[in-house]
**Student:** 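The structure's right below; bear with me while I get my questions together.
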Amino acid sequence: MIEGIARLPEAGPQRLGPFRLFGVLGSGRTGTVYLGRGTARRGTRKRIAAVRAVRPELLRDRQLRALVRQETHRGADAVGSPFVAEALGCELDSEQPWLAGAFAPGLPLSALVTSYGPLPEMSIRALGGGLARALTALHAAGTGHGDLHAGNVVLTRDGPRWWTRARLSGVPPRSLTAQATARKPSADR
């Protein structure tokens, strides 16, 4: 196997949706991320993808599934940034729900910092600029995003790429923002 990609467990899935799985890229609190290759659709090529098998208990709420689906499709259609991994699709109502994004070959920021320590100032500035552009593109498209942390940022030869996926926490950030705004004390009081 390629360094950084673990073998598929024999008991694990071999396919998620249209993606044949080849290895494990990592895992986290929302599920396991696999390296996959999609089947070609009319007019498209087979795509290499990072396919997240989402823990089903995170998607019990029908409204949350609808929101994640909407955000994924909006992200696929509207976000055109080289700093955001392209959304390739999702299936959230199956026995094994999944989300897929374009695979970005590179080194996760978390692995780089763990191995080599803090980045130099010039690198931090370049990283911050790329991530700021990613956030700007997502917000301009009206697309929500998951959390931004070093494990979701891949350093590619073309710059940082944020592998952001729709929120799986159960509470959309817009709702949190609305709640915080509603609780904010008025200057008149």
Side-chain angles (χ1 to χ4, degrees), residues 1-111 134 138 141 143-158 161-170:
M1 286 306 300
I2 300 170
E3 184 178 339
I5 301 173
R7 291 191 183 280
L8 280 176
E10 289 191 28
Q14 301 298 305
R15 177 175 287 281
L16 285 172
F19 298 96
R20 180 174 173 218
L21 306 180
F22 293 98
V24 177
L25 296 172
S27 62
R29 62 178 191 246
T30 59
T32 302
V33 181
Y34 298 96
L35 177 66
R37 185 171 183 190
T39 57
R41 288 181 278 189
R42 177 179 261 171
T44 65
R45 297 180 315 162
K46 294 181 180 182
R47 298 287 307 266
I48 302 296
V51 186
R52 181 180 302 272
V54 180
R55 291 186 9 231
E57 65 269 19
L58 297 175
L59 295 168
R60 287 188 183 133
D61 179 18
R62 182 179 299 161
Q63 289 179 322
L64 177 62
R65 285 195 312 270
L67 176 67
V68 170
R69 190 177 294 108
Q70 176 185 358
E71 297 287 341
T72 300
H73 293 304
R74 184 182 298 148
D77 295 338
V79 178
S81 171
F83 302 105
V84 178
E86 178 187 359
L88 299 179
C90 66
E91 173 52 59
L92 305 174
D93 295 314
S94 66
E95 187 175 308
Q96 178 54 75
W98 57 269
L99 297 163
F103 175 68
L107 182 66
L109 177 59
S110 57
L138 288 164
T143 301
H145 54 80
D147 53 346
L148 172 58
H149 59 81
N152 286 347
V153 176
V154 176
L155 302 175
T156 71
R157 68 181 181 155
D158 299 323
R161 184 88 40 94
W162 183 8
W163 202 83
T164 178
R165 287 299 147 253
R167 314 171 273 274
L168 298 173
S169 64

**Student:** If you compare all heavy atoms of A134 against all heavy atoms of V84, which two are closest, and at what distance to 0.1 Å?
**Tutor:** CB-CG2, 3.5 Å
**Student:** Are the side chain of E91 and the backbone N or O of D93 linked by a donor-acceptor pair below 3.5 Å?
**Tutor:** yes
**Student:** Could you work out, with side chain to side chain contact (heavy atoms under 4.5 Å, CB included) as the rule, every residue matching V33, not counting sequence neighbours?
**Tutor:** L25, A50, R52
**Student:** Rounded to the nearest 0.5 Å, what separates atom CZ in R7 from atom CD1 in I5?
**Tutor:** 11.5 Å
**Student:** List the residues meeting ring pair (Phe, Tyr, Trp, His ring centres under 6.0 Å) with F83, not counting sequence neighbours, and say none if there are none.
**Tutor:** none
**Student:** Rounded to the nearest 0.5 Å, what separates atom CZ in F103 from atom CG in L35?
**Tutor:** 5.5 Å
**Student:** Taking all heavy atoms of T156 and all of A104, pick out the closest pair and write down the distance.
**Tutor:** CG2-CB, 3.9 Å
**Student:** Taking only residues at least two apart or on different chains, which pairs with a member in residues 99-110 satisfy salt bridge (charged side-chain N to carboxylate O under 4.0 Å, His left out)?
**Tutor:** none
**Student:** Evaluate the side-chain proximity of R37 to I48: yes if any heavy-atom separation is below 4.5 Å, no if none is.
**Tutor:** yes
**Student:** At what distance, to the nearest 0.5 angstrom, does OG1 of T30 lie from CD of E57?
**Tutor:** 10.5 Å
**Student:** If you look at every heavy atom in A85 and R161, which pair is closest and at what distance?
**Tutor:** N-CD, 3.6 Å
**Student:** With sequence neighbours excluded, tell me which residues meet side chain to side chain contact (heavy atoms under 4.5 Å, CB included) with Q96.
**Tutor:** L16, A53
**Student:** Not counting sequence neighbours, list each pair that qualifies as a salt bridge (charged side-chain N to carboxylate O under 4.0 Å, His left out) and has a residue in residues 8-26.
**Tutor:** none
**Student:** Over all heavy atoms of both residues, which pair between Q14 and P9 is shortest? Give the atoms and the distance, please.
**Tutor:** NE2-O, 3.9 Å
**Student:** Can you find a pair of side-chain heavy atoms, one from L8 and one from F22, that are under 4.5 Å apart?
**Tutor:** no
**Student:** Considering residues at least two apart in sequence or located in another chain, which fulfil the side chain to side chain contact (heavy atoms under 4.5 Å, CB included) criterion with S27?
**Tutor:** T32
**Student:** Heavy-atom distance under 4.5 Å between the side chains of P97 and C90, does that happen here?
**Tutor:** no
**Student:** With side chains defined as the heavy atoms from C-beta onward, is the minimum distance between L99 and L92 less than 4.5 Å?
**Tutor:** yes
**Student:** Checking W98 against F19 for the side-chain contact (heavy atoms from CB on, under 4.5 Å) test, could you report, in this order, the C-alpha distance in whole Å, the side-chain angles of both residues, the deciding distance, and whether it holds?
**Tutor:** CA-CA 10 Å; W98 57 269; F19 298 96; 3.6 Å; yes
